[in-house]
Amino acid sequence: MNALPVPPHFTISACELITQVSTSSGAGGQHVNKTSTKVTLRWNIETSTSIKDNHRERLLHKLANRINKKKELVIHCDQTRSQHKNHQIVREKLVSLLQQSLHKPKKRKATRPTKASVERRLKSKKKRAEIKRNRSSFD
């Protein structure tokens, strides 16, 4: 197994990734019962030497619901009947998940509403109030 690049942040060394294979569940007939196609990938975020501390903290916070008690991120894949394809998919899932978690959204700049939009809003409120006022005055 090769090192796993997570561009543009870091590269996870191959020795940190633990891969397990097991039999899949679901449809597939006898093939499912006799071949190990399900791939499970484990990566311990806390003991990893591939990432910086600020990235580690961000990942532990963002992926808290996907990390087990041993601080491992566990990803499974049994989509295809090929162990090799499942292996590729699980690595792609890990890279995608890490990139999404490390992405910092832009800070929103506070803007004021335009004069025209304020006028439109007030006009629609007055129109709605007039409609309601006309409903109730039948004395």
* To do: Following the transitive rule for hydrophobic clusters with a side-chain heavy-atom cut-off under 4.5 Å over Ile, Leu, Val, Met, Phe, Trp and Tyr, establish whether Ile89 and Trp43 coincide in one cluster.
  =>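 The answer is no; the residues belong to distinct hydrophobic clusters.
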* Linking I/L/V/M/F/W/Y whenever any side-chain heavy atoms sit under 4.5 Å apart, do Val95 and Leu60 land together? ->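 Yes, Val95 connects to Leu60 through the hydrophobic network.
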* **Sequence neighbours excluded, every pair satisfying salt bridge (Lys or Arg N to Asp or Glu O under 4.0 Å) that has a member inside residues 81-99** =>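 Not a single pair qualifies under salt bridge (Lys or Arg N to Asp or Glu O under 4.0 Å).
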* Asked: So which pairs with a foot in residues 50-62 pass salt bridge (Lys or Arg N to Asp or Glu O under 4.0 Å), sequence neighbours left out?
  ->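 Qualifying pairs: Asp53-Arg56.
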Result block: side-chain N/O donor-acceptor pairs under 3.5 angstrom for residues 1-12, not counting sequence neighbours:
none

* Between atom CZ of Arg133 and atom NZ of Lys126, what is the distance when rounded to the nearest 0.5 Å? ->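 Spacing of CZ (Arg133) from NZ (Lys126) equals 10.5 Å.
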* To do: Find the distance between OG (Ser22) and CD (Gln20) and round it off to the nearest 0.5 Å.
  =>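 Rounded to the nearest 0.5 Å, the OG-CD separation comes to 7.5 Å.
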* Search all heavy atoms of Ser50 against all heavy atoms of Ser13 and return the closest pair with its distance. =>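 Minimum heavy-atom contact is OG-N, 3.3 Å.
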* Does Lys127 pair with Glu130 as a salt bridge, N-O distance under 4.0 Å? ->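 Judged by the 4.0 Å cut-off on N to carboxylate O distance, Lys127 and Glu130 do not form a salt bridge.
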* Should Leu59 and Ile67 count as side-chain neighbours, where that means a heavy-atom distance under 4.5 Å? ->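 No, their side chains stay 4.5 Å or more apart.
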* **Side-chain heavy-atom pair Val21, Lys38 within 4.5 angstrom cut-off** =>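 Val21 vs Lys38: side chains apart.
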* **Pairing residues for Arg121 by the salt bridge (charged side-chain N to carboxylate O under 4.0 Å, His left out) criterion, not counting sequence neighbours** =>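 Partners of Arg121 by the salt bridge (charged side-chain N to carboxylate O under 4.0 Å, His left out) criterion come out as none, since no residue qualifies.
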* Would you sort out whether Ile45 and Ile51 count as a side-chain contact (heavy atoms from CB on, under 4.5 Å), showing the intermediate values? => CA-CA 8 Å; Ile45 297 174; Ile51 59 175; 4.0 Å; yes
Donor-acceptor pairs under 3.5 angstrom involving side-chain atoms of residues 103-114: please list them, not counting sequence neighbours.
from: Thr114; atom 1: OG1; to: Ser117; atom 2: N; distance (Å): 3.2
from: Thr114; atom 1: OG1; to: Ser117; atom 2: OG; distance (Å): 3.1

* Does any donor atom in the side chain of Gln83 or Thr37 lie under 3.5 Å from an acceptor atom in the other side chain? ->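 No, no side-chain donor-acceptor pair sits under 3.5 Å.
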Please output the side-chain donor-acceptor pairs of residues 68-79 that fall under 3.5 Å, not counting sequence neighbours, one pair per line with the distance.
from: Asn68; atom 1: OD1; to: Lys70; atom 2: N; distance (Å): 3.1
from: Asn68; atom 1: OD1; to: Lys71; atom 2: N; distance (Å): 3.3
from: Asn68; atom 1: OD1; to: Glu72; atom 2: N; distance (Å): 2.9
from: Asn68; atom 1: ND2; to: Glu72; atom 2: OE1; distance (Å): 3.3
from: Glu72; atom 1: OE1; to: Arg42; atom 2: NH1; distance (Å): 3.3
from: His76; atom 1: ND1; to: Thr40; atom 2: OG1; distance (Å): 3.0

* Considering only Ile, Leu, Val, Met, Phe, Trp and Tyr, and joining two whenever side-chain heavy atoms are under 4.5 Å apart, list the other residues clustered with Leu122. =>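 Taking Ile, Leu, Val, Met, Phe, Trp and Tyr as members, Leu122 shares its hydrophobic cluster with Val118.
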Report the residues that fulfil side chain to side chain contact (heavy atoms under 4.5 Å, CB included) with [X], sequence neighbours left out, ordered by chain and then residue number.
X	result
Gln100	Ser96
Thr23	Ser36
His84	Ser82, Gln88

* To do: Taking side chain to side chain donor-acceptor pair (under 3.5 Å) as the test, write out the residues that go with Thr80, two or more places apart.
  =>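 Result, side chain to side chain donor-acceptor pair (under 3.5 Å) vs Thr80: Asn86.
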